[in-house]
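Pasting in a structure now, in structure tokens, and then I'll have a few things to ask.
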Amino acid sequence: MATPRLTPLDDAIAYRINRVARLLRHGFASDLQQWSGEDLSPEQYFALYRLRQAGPLPMQSLADPVLKDYPNITRVIAGLHKRGLVKRTKDKSDGRVQRCALTARGEALFDRLYPSVVAERARLFAGWSAHDRDALRASLSHLERTLEDL
């Protein structure tokens, strides 16, 4: 079998997605620290977001959409709990399940950060048409489903 021709790395889609993801994460982490005055990671922000959007949830349901990794979400929630942003309670019907909810302090922090996040995303995508943003979102969703099915 012949070895495929080596193409420029910058043309590799997976490389570009990885690079963009790193740039987004690094920039977002820096912005969160500046806006919040706290050491808040993007993963912690996404957990706050999910809880603000959906209300109290079992910790396992946060693991899939936020990190795809239960041990990591446990650390994320533990860090938020330690700072008084999230409360954890045992599920009444299944004591093995921990439910998470925002505290009043967690809600206040999220509500303070969210306008800055929205403004930064608007700035980031200012040169993009609605069609281009929708196409990117659809393409990423399609790729995500493909990877999940592997």
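For this chain, numbers begin at 1 and follow the sequence in order.
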Going by the rule side-chain contact (heavy atoms from CB on, under 4.5 Å), which residues pair with D10 if we only count those two or more places apart in sequence or in a different chain?
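Scan of D10 (side-chain contact (heavy atoms from CB on, under 4.5 Å), adjacent residues dropped) gives Y15, R16.
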
CZ of F110 to CD of Q44: how many Å apart, nearest 0.5 Å?
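Atom-to-atom, F110:CZ and Q44:CD are 14.0 Å apart.
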
Rounded to the nearest 0.5 Å, what's the gap from OG1 on T74 to CD on Q60? Could you check?
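Result: 8.5 Å between the selected atoms.
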
Would you please name every residue forming a salt bridge (charged side-chain N to carboxylate O under 4.0 Å, His left out) with R5, sequence neighbours left out?
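Once residues adjacent in sequence are excluded, R5 has no partner under the salt bridge (charged side-chain N to carboxylate O under 4.0 Å, His left out) criterion.
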
In a table with atom names and distances, give each donor-acceptor pair under 3.5 Å that connects a side chain of residues 78-89 to protein atoms at least two apart or in another chain.
residue, atom, partner, partner atom, Å
H81, ND1, R88, NH2, 3.2
R83, NE, E38, OE1, 3.3
R83, NH1, D39, O, 3.1
R83, NH2, E38, OE1, 3.0

Give every donor-acceptor pair under 3.5 Å between a side-chain atom in residues 127-142 and any protein atom, sequence neighbours left out.
residue, atom, partner, partner atom, Å
S129, OG, H131, N, 3.4
S129, OG, D132, N, 3.0
S129, OG, D132, OD2, 3.4
R133, NH1, W128, O, 2.8
D134, OD1, R137, NH1, 2.8
S139, OG, A135, O, 3.0
S141, OG, R137, O, 3.0

Where do P58 and V97 come nearest, in terms of heavy atoms and distance?
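Here P58 and V97 meet closest at CB-CG1, 3.8 Å.
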
Is atom CZ of R19 surrounded by more than 12 heavy atoms (other residues, nucleotides or ligands) closer than 6.0 Å?
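It does not: R19 CZ has 12 such atoms or fewer within range.
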
Atom pair CD1/CE of I73 and M59 - distance to nearest 0.5 Å
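One finds 8.0 Å between CD1 of I73 and CE of M59.
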
Please report, to 0.1 Å, the donor-acceptor pairs under 3.5 Å made by any side chain of residues 20-35, with sequence neighbours excluded.
residue, atom, partner, partner atom, Å
R25, NE, E43, OE2, 3.1
R25, NH2, E43, OE1, 2.7
R25, NH2, E43, OE2, 3.4

Other than I17, which residues form its hydrophobic cluster under the rule that side-chain heavy atoms must be closer than 4.5 Å?
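I17 shares its hydrophobic cluster with I13, L143, L147, L150.
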
Check whether any side-chain heavy atom of L51 lies under 4.5 Å from a side-chain heavy atom of P56, and answer yes or no.
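No, too far: nothing below the 4.5 Å cut-off.
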
